[in-house]
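Okay, so here's the structure we're looking at.
These numbers come from a predicted model, not from an experiment. Residues take their numbers from the sequence shown, with the count starting at 1. For the numbers below, each heavy atom of this structure counts, side chains included, while hydrogens, waters and symmetry mates do not. Numbering of ligands and ligand atoms starts at 1, following listing order.
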Amino acid sequence: MNLRRATILTAVVLTACDTRMTHSDEITLLVVNARVWTANPKQPWATGIAVGGDKIVSVGSSAEIAKLAKAFPRARLIHAKGGMVTPGFIDSHVHFLTGGFRLASVQLRDAKTPQEFIARIKEFAGTVSPGTWITGGDWDHQQWGGELPTRAWIDSVTPNNPVWISRLDGHMGLANALALDAAKVNRDTRDVDGGAIVRDASRNPTGILKDNAMAYIDKVEPPASDEMNDRALQAAMKYVAERGVTSVTNMGDWTALAAIERAHNAKSLITRIYQVTPIAQWERLRDTVARRGRGDEWVRIGGLKGFADGSLGSHTAAMFAPFTDTPKDSGFLVETEADLYKWTSEGDKAGLQMIVHAIGDRAINTQLNIFERVEKENGARDRRFRIEHAQHIAPADIPRFAQLSVIPSMQPYHAIDDGRWAEKVIGHERAKTTYAFRSLRDAGAMLAFGSDWFVAPPTPLEGIYAAVTRRTLDDKNPDGWIPEQKIAVEDALRAYTIGGAYAAFGEGIKGSLEKGKLADIVVIDRDLTSIPPETIRDAHIMMTIVGGKVVYERH
Ligand SMILES: [Zn+2]
């Protein structure tokens, strides 16, 4: 653009739109006719947005924004048709590569015939480098009447790749010739207790190994290659973009970070990632941060993830009182209190963010006590301690989240999933402060919402539906399970946007739609605040925009 034209455009912008706009941004994308929910308390609602490059340039009325379209004819003009526009959703708890692997490997679950099973494996093998192990699959031989597959079905279509694909229940797998050779499994291999090597008439393995015999192959299966990690990451980003997610906190490891950094270098990230690493290696994170800082708006590090206990479903959540259905058992902490304290204290002294999984009331109480003590000992700073899941909170601990500035990072979908059976395990009284969204909110805590994908779907619209209705998946609680803990749509939206940004130290650049913030935007086909709550999960994401670029569009 030449200088004179730039000056004219600046003038048009200033008069037509927003007097706060002081420089000559090239407008690249405009959204009009929208119900814009901004998460910005100074301007909660608007009807249009203008984007220049990767940033928001203006949030205002549709009419003002539409005028800009004339001044910038090359800008993409998006008619939201009265639908809702929100900040890009932030999923504060995902296991991104595990989720991605399930999407990126060969898909066999619905292969209906042996021919289809073979064809899909053949096709997939054509897309990976020689030597790459083909795993996953989730095949189901009941689809074609129950005949178990054999290596003979697939050896000729997989001459260059070991194959070790599992049945969908994980209790048996099929290995091809290369995988059996790598594991030295042959007619002379002895059987193992609690497992089986299925053999043909001449004792040669057919390729099917069951239960404990599967360890023969598992032992020699190499860790996923860089190529497969990269594919898993790409699959995960695409999948969440389709659901309106523009940022995640990934509970990952150093391998995942390497894949994320490769994608960053290749400029192929479409999800902004706060990559959290395991607490046991806190020194490695401290040294990495010291060496190269905490990253940029795409990839950020500086969080440590630890575990205080297990899960409710497996009766490994640490509770004060025994489980209702197993009166001798009250779960357990998976680390000693001394270790949890030591890690929390040392990680905090190193300036890292402590993010601790705690589900049972005793685990939550223990970790809150540790947070309180560490804050006293280490002094005041902006540390943003997080408790992940925070499912079953003792009533007396609810106000402590706000008092201690501890972020409850919660997954509302789990509430409508577990809500089908949770009272059997903890009884009605304890259920009242289970997934206590409303009590935490009223006490002043800053909620952050997420999914725990791959464990639950990474679909914020389902999470919002869950938090707002608390209707369990079996539809047995039409008015909501523990309805006192329901929250409003806008509360749930905040937890999926500005709350998630805050939980990852990102609220300065994202989480709300305001001038100067990153243009991470979602277009939804209806206004979630004005429809019957039980229809929220029927809404569709129409478009997902990350850094001003459309990364998903529904057709
Ligand atoms: Zn998790």
Contacts table for residues 280-290: side-chain donor-acceptor under 3.5 angstrom, sequence neighbours left out:
| residue | atom | partner | partner atom | Å |
| --- | --- | --- | --- | --- |
| Gln281 | OE1 | Trp254 | NE1 | 3.1 |
| Thr288 | OG1 | Arg284 | O | 2.6 |

Check for me: within less than 2.8 Å of the Zn ion (ligand 1), which protein N/O/S atoms show up? His93 NE2, His95 NE2, Asp452 OD1

Answer yes or no: is there an ion pair linking [X] with [Y], defined by an N-O contact shorter than 4.0 Å?
| X | Y | value |
| --- | --- | --- |
| Arg430 | Glu423 | no |
| Glu375 | Arg383 | yes |
| Arg386 | Glu388 | yes |
| Glu507 | Arg384 | yes |

Using distance alone, with no hydrogens and no angle criterion, decide if Lys510 and Ser247 have a side-chain donor and acceptor under 3.5 Å apart.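 Yes - a donor-acceptor pair under 3.5 Å links their side chains.
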
